[in-house]
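What follows is a single structure, written as structure tokens, with notes after it.
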Amino acid sequence: MSQNFDCTQMISFDRSLVANLNDDSFQDFERLGFSLVLDENIRDVKKEYFFFQEDEYFIEFSNDFFCGEFEDWYEFNEPPQLILDFCNALISCANKNKIDFMKVYLSFFAEKGYSSDHY
């Protein structure tokens with residue numbers, strides 16, 4: 001039986017940058033109500049679903065209610081404040097850690113072999 005997951009927010013970047021990560025750069029996410037889950041503690045099914053290359057390091061920003069913000073987004077030019085704050089936290093985190101290339105994953109529902117709307 002395949003495993004699935006829902007309401008997941010993650011980033012990935014080159015594993016070689018992990019040693020120099022600035023712990024303070026993740027405080028914005030915690031203030032916004034997200035819990036950090038580092039690569040070694042992320043369920044394998046999530047990393048396998050979004051796997052792109054061998055040297056990727058994943059960080060999950062756990063918040064079971066964040067996807068609901070997208071469901072409450074009615075006007076294109078008026079995103080919910082939490083979505084704006086999350087995007088700003090991502091930009092700040094990338095800048096503080098000198099991450100030039102980072103992938104962002106937002107998933108409402110995913111199951112390998114069943115869903116395929118990932119890029």
Exercise for the section: Only pairs at least two apart or in different chains count here, so list each side-chain hydrogen bond (donor to acceptor under 3.5 Å, both in side chains) that has a residue in residues 29-38. Expected result: D28-R31

Practice task
Keeping to residues at least two apart or across chains, list the salt bridge (Lys or Arg N to Asp or Glu O under 4.0 Å) pairs with something in residues 9-24.
Solution key: R15-D39

Handout entry: Side-chain donor-acceptor pair present, S12, Y57, cut-off under 3.5 Å
Key = no

Exercise for the section: Please list, chain by chain and in numerical order, all residues satisfying ring pair (Phe, Tyr, Trp, His ring centres under 6.0 Å) with F34, sequence neighbours excluded. Expected result: F66, F86

Practice task
Please round to the nearest 0.5 Å and tell me the distance separating atom CD of E56 and atom CZ of F58.
Solution key: 4.0 Å

Practice task
Look at R43 together with E60 and state whether they make a salt bridge at an N to O cut-off of under 4.0 Å.
Solution key: no

Exercise for the section: Taking the side chain as every heavy atom from C-beta outward, state whether N63 and Q9 have any pair of such atoms under 4.5 Å apart. Expected result: yes

Between side-chain atoms of residues 87-97 and protein atoms elsewhere (two or more places apart, or another chain), which donor-acceptor pairs fall under 3.5 Å?
residue : atom : partner : partner atom : Å
N88     : ND2  : L84     : O            : 3.3
N95     : ND2  : I91     : O            : 3.3
N97     : OD1  : N22     : N            : 2.6
N97     : ND2  : S25     : OG           : 2.7
N97     : ND2  : C93     : O            : 2.9

Practice task
For the residue pair I59 and V37, establish whether any side-chain heavy-atom pair is separated by less than 4.5 Å.
Solution key: no

Practice task
Measure the shortest side-chain to side-chain distance between I11 and Y105 over non-hydrogen atoms and say whether it is less than 4.5 angstrom.
Solution key: no

Handout entry: Spatial distance of atom CD1 (I83) from atom CZ (F70) [nearest 0.5 Å]
Key = 4.0 Å

Exercise for the section: For residues F13 and F101, report the shortest heavy-atom separation together with the two atoms involved. Expected result: CB-O, 3.8 Å

Would you be so kind as to tabulate the donor-acceptor pairs closer than 3.5 Å made by side chains of residues 74-82, with sequence neighbours excluded?
residue : atom : partner : partner atom : Å
Q81     : NE2  : D85     : OD1          : 2.8

